[in-house]
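See below for the structure under consideration.
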There are 2 protein chains.
Amino acid sequence: MMSDNAAFGDRLAQAVTDKKSVVCVGLDPRFEQLPSGLRDAAAASPQGRAAAFSQFCREIIDVVAPLVPVVKPQAAFFEQLGPHGTMALAETIEYAHRKGLMVILDGKRNDIGSTAAAYASAYLGAGDRSAWGSDALTVSPYLGADSIEPFVETCDSRQAGIFVLVKTSNPGGGLLQDRRSEDGSVYEAVANLVTQQNADRLGTSGYGPVGAVVGATYPEQLAELRQRMPSAWILIPGFGAQGGSAADVAAGFDDKGLGAIVNNSRHIIFAHARPEFKESFGDARWQQAVEAATRQMNEQLKR
Amino acid sequence: MMSDNAAFGDRLAQAVTDKKSVVCVGLDPRFEQLPSGLRDAAAASPQGRAAAFSQFCREIIDVVAPLVPVVKPQAAFFEQLGPHGTMALAETIEYAHRKGLMVILDGKRNDIGSTAAAYASAYLGAGDRSAWGSDALTVSPYLGADSIEPFVETCDSRQAGIFVLVKTSNPGGGLLQDRRSEDGSVYEAVANLVTQQNADRLGTSGYGPVGAVVGATYPEQLAELRQRMPSAWILIPGFGAQGGSAADVAAGFDDKGLGAIVNNSRHIIFAHARPEFKESFGDARWQQAVEAATRQMNEQLKR
C-alpha cells in the first residue's frame, strides 16, 4: 500500500499492482434485487432500507477487498433513500477504506466555479478531507473546461482524482458525443481537455489525477482514446451485463497492464441471480456468488 | 394556486401569473458570505453550519414568498456539509412549499436507465412523492436521450419537471455546446431533444414538463432557442452577478410574458454586501436587503 499522500494516479497504479487485478466492483444497491434475506429483514422505511444497503455493501467489501483494488459506489441508489441513504453512502466509503480499497464515487457531478468547487469539497479526499471521503469522483463535461478545473484544483490539494465522461457505454451516448465538426468529435474534444488538465500533473506512474470514462461497448474508440489520453486512467463501464468482453477492453491498457480499470456492477453484486451461479449459491450463499464472479472476472482479464 | 396534481408546466404558468413575477431566487448558501450574525452564531461543525444554512434559507423564503413564484436551491452547497447538509436541503424545500413557492433543485444530475430513474425518484415530486420533494430538477445531457427519458417518465407520474442544460451562461460552455456539425450545433441538438420529449406532454398552458437552461449571457442564442423550443420553460441563469440584463433576457418570453423564469442568486441572497444596499441595510438588516433586491429585479423585468 502507498501513503494516502501520494497522488491519485500513483496510488491507483500501486493498488492495481498490489492486488494483481484491474477489476472495479460497482456498488449499485437496488433494493428489489438484494438477496432475499437482506430484503426481508429490512424495515419498510428509508432508514431500514439504508441499513440494508450498508450491510449489503459491507458484506460485498469483505469479500472483494482481497481480490480487487477499487470499488465504485453509485450515488443515485443511495440518494434515492434520502438523507439516510447519503449517510449509508458515507459509511460504505469509510468501510471500503478501512478494508484497504480505493473508492471512486460515481456521482457524475458537474457545475461551474465555486459551485463545482463545493461538489469537489463534498466528495473528494479520503479520510477527514471531505464529507464523503472518496478517492475520486465521476464528472460530466457538458459545461466545458471551467467546470472541470475547480475539480482538478481540489484533486491537487487532496491527492484525489476525477473521471470525466468521455465516451459512455449507453446506446444513446452518441447523440452528442459522436457529433463531428471539422476538428473532430465531441468526445475527442473532451479527451483533449482531459490530456491538457493532466499535463503538469503527471505522477511517477505516468498517470495524472484526471481520468476518463470510456465504455467497453466501443472498443475501437477505446483504442483511439488510449492513444489520445496517454496520461489518463480509463474507467471502463459496460463489461458483462452491458455486453463488453475481455477482448473489447484490451485496448484500454498500456504495455505494463496499467492505465485502465474495468467496472462490473450487476454481474458481481447480484451474481446470485445469474443462471451460472444461481444453482450453486442462490440467495442464501450470495456472498460466495460475489466471490466466484469476482474471481471469474479477474481471470477473464488476466488472459 | 393550482392543485399539486396539475402538470408542472401548467403549475409554473399559474405561479408566474399569480405572483406577477418571473424571478427565481437562487438559494446558494456559501458559508463565508452569510450575514455575520448567522455566521458568528453557527457552531463550527457540519451540523452547526447546516443549521445556519436552514435558517438563512428560511428567512429568505419568508421575505421572497409573496414576491416570486419559485426558488432554486443549489444542491452543491448543501452537499458540501455532508449528510447534515442534505437534511437541511430537504427542510429548505419543505419550508418553501409550505410558504407557497415552487422549487427547482439545481443538482445537474445525469445518468442512464435505472440509475437515472433512481435520481429522478430521489428528487422529483413534491410532498411525499420523493425524498427531497422538489417540483423540478436540473439535468445534464451529455449521455443523450436515454439519459433524459427516465427523468421524463418520472415527471409524468409525479407532475414534476426537469430543466435540461442547453446553452449555459459560463464562458467555457461553448467548448462543447457550440461545436457545429453539418446539421447544427450541439446545443441545438439538445434543444431538439427537449422539444421532442415535450411533444406528447403539453399542458393547457402550452408548456410541457421538459424545460431548458439557457444563459442570459447569450441573448442571440436565447432568441433562437425560444423559437426552437416553443413548449419548454426556459430557466435563465446569468442575470445580475454574471452580467445579464433585462434586455438580454427579453427574448426568452412568449407574447403573454410566460415561458421563462430568470434566476438570480448572489445579487439577491447576498444583497446586503452589494454597494448599493450595504449602507442602507448591511449585515444587521440583511433580510430587508433581500427584499429590496427582489423588488428591484421584479421591476427591472416588468419593463
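Chain naming here is simple, since letters A, B, ... match the order of the sequence lines and numbering starts at 1 in each. Keep in mind the model is a prediction, meaning the values are calculated, not measured.
- Contact count versus chain A (heavy atoms, under 4.5 Å) is highest, among B/Thr138, B/Asp111, B/Ile148, B/Val190, for B/Asp111.
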Decide yes or no on side chain to side chain contact (heavy atoms under 4.5 Å, CB included) for B/Thr86 and A/Met87, but give the supporting numbers first. CA-CA 10 Å; B/Thr86 69; A/Met87 280 183 266; over 6 Å; no
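- Side-chain contact between A/Lys108 and B/Thr115 is absent, with no heavy-atom pair separated by less than 4.5 Å.
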For A/Gln80 and B/Tyr119, what are the C-alpha separation, side-chain angles and deciding distance, and is it a side chain to side chain donor-acceptor pair (under 3.5 Å)? CA-CA 6 Å; A/Gln80 189 171 10; B/Tyr119 278 132; over 6 Å; no
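- The number of heavy atoms from other shown groups lying within 6.0 Å of CG (B/Asp183) is above 12.
- In this structure, CG on B/Leu176 lies 9.0 Å from CG on A/Leu143, to the nearest 0.5 angstrom.
- The residue among A/Phe78, A/Tyr123, A/Phe77, A/Trp132 with the most heavy atom pairs within less than 4.5 Å of chain B is A/Trp132.
- Highest contact tally toward chain A, considering only B/Asn170, B/Asp28, B/Leu165, is held by B/Asn170 [criterion: heavy-atom pairs under 4.5 Å].
- Listed options A/Gly113, A/Ala90, A/Pro46, A/Ser185 were ranked by heavy-atom pairs under 4.5 angstrom with chain B; first place goes to A/Ser185.
- Both the backbone and the side chain of A/Ser114 come within less than 4.5 Å of a heavy atom in chain B.
- A/Leu193 touches chain B through its side chain: at least one heavy atom from C-beta onward sits under 4.5 Å away, while N, CA, C and O do not.
- Heavy-atom pairs under 4.5 Å with chain B were tallied for A/Pro141, A/Ser140, A/Gly144; the largest tally goes to A/Pro141.
- If you take CD on B/Glu79 and OG on A/Ser130, they are separated by 12.0 Å, rounding to the nearest 0.5 Å.
- Contact tally against chain B (heavy-atom pairs below 4.5 Å) for A/Asn110, A/Ile112, A/Leu81: the top residue is A/Asn110.
- For A/Tyr187, the parts lying near chain B are the backbone and the side chain together; criterion is any non-hydrogen pair under 4.5 Å.
- The greatest number of non-hydrogen atom pairs below 4.5 Å with chain A, out of B/Gly107, B/Ala117, B/Ala118, is found for B/Ala118.
- Counting heavy-atom pairs closer than 4.5 Å to chain B, the top residue among A/Ala122, A/Ser169, A/Ala131 is A/Ala122.
- Neither the backbone nor the side chain of B/Ala116 has a heavy atom closer than 4.5 Å to any heavy atom of chain A.
- Of the charged side-chain nitrogens involved, none lies within less than 4.0 Å of a carboxylate oxygen, so that B/Glu182 and A/Arg180 do not count as a salt-bridged pair.
- Among B/Gln74, B/Arg30, B/Arg109, B/His84, the residue making the largest number of heavy-atom pairs under 4.5 Å with chain A is B/Arg109.
- Although no hydrogens or angles enter the test, the distance criterion places a donor-acceptor pair under 3.5 Å between the side chain of A/Tyr142 and the main chain of B/Val166.
- Taking CG of A/Asp146 as the start and CG of B/Leu175 as the end, the distance is 9.0 Å to the nearest 0.5 Å.
- With chain B as the partner, the residue from A/Asp106, A/Val186, A/Leu89 showing the most heavy-atom pairs under 4.5 Å is A/Val186.
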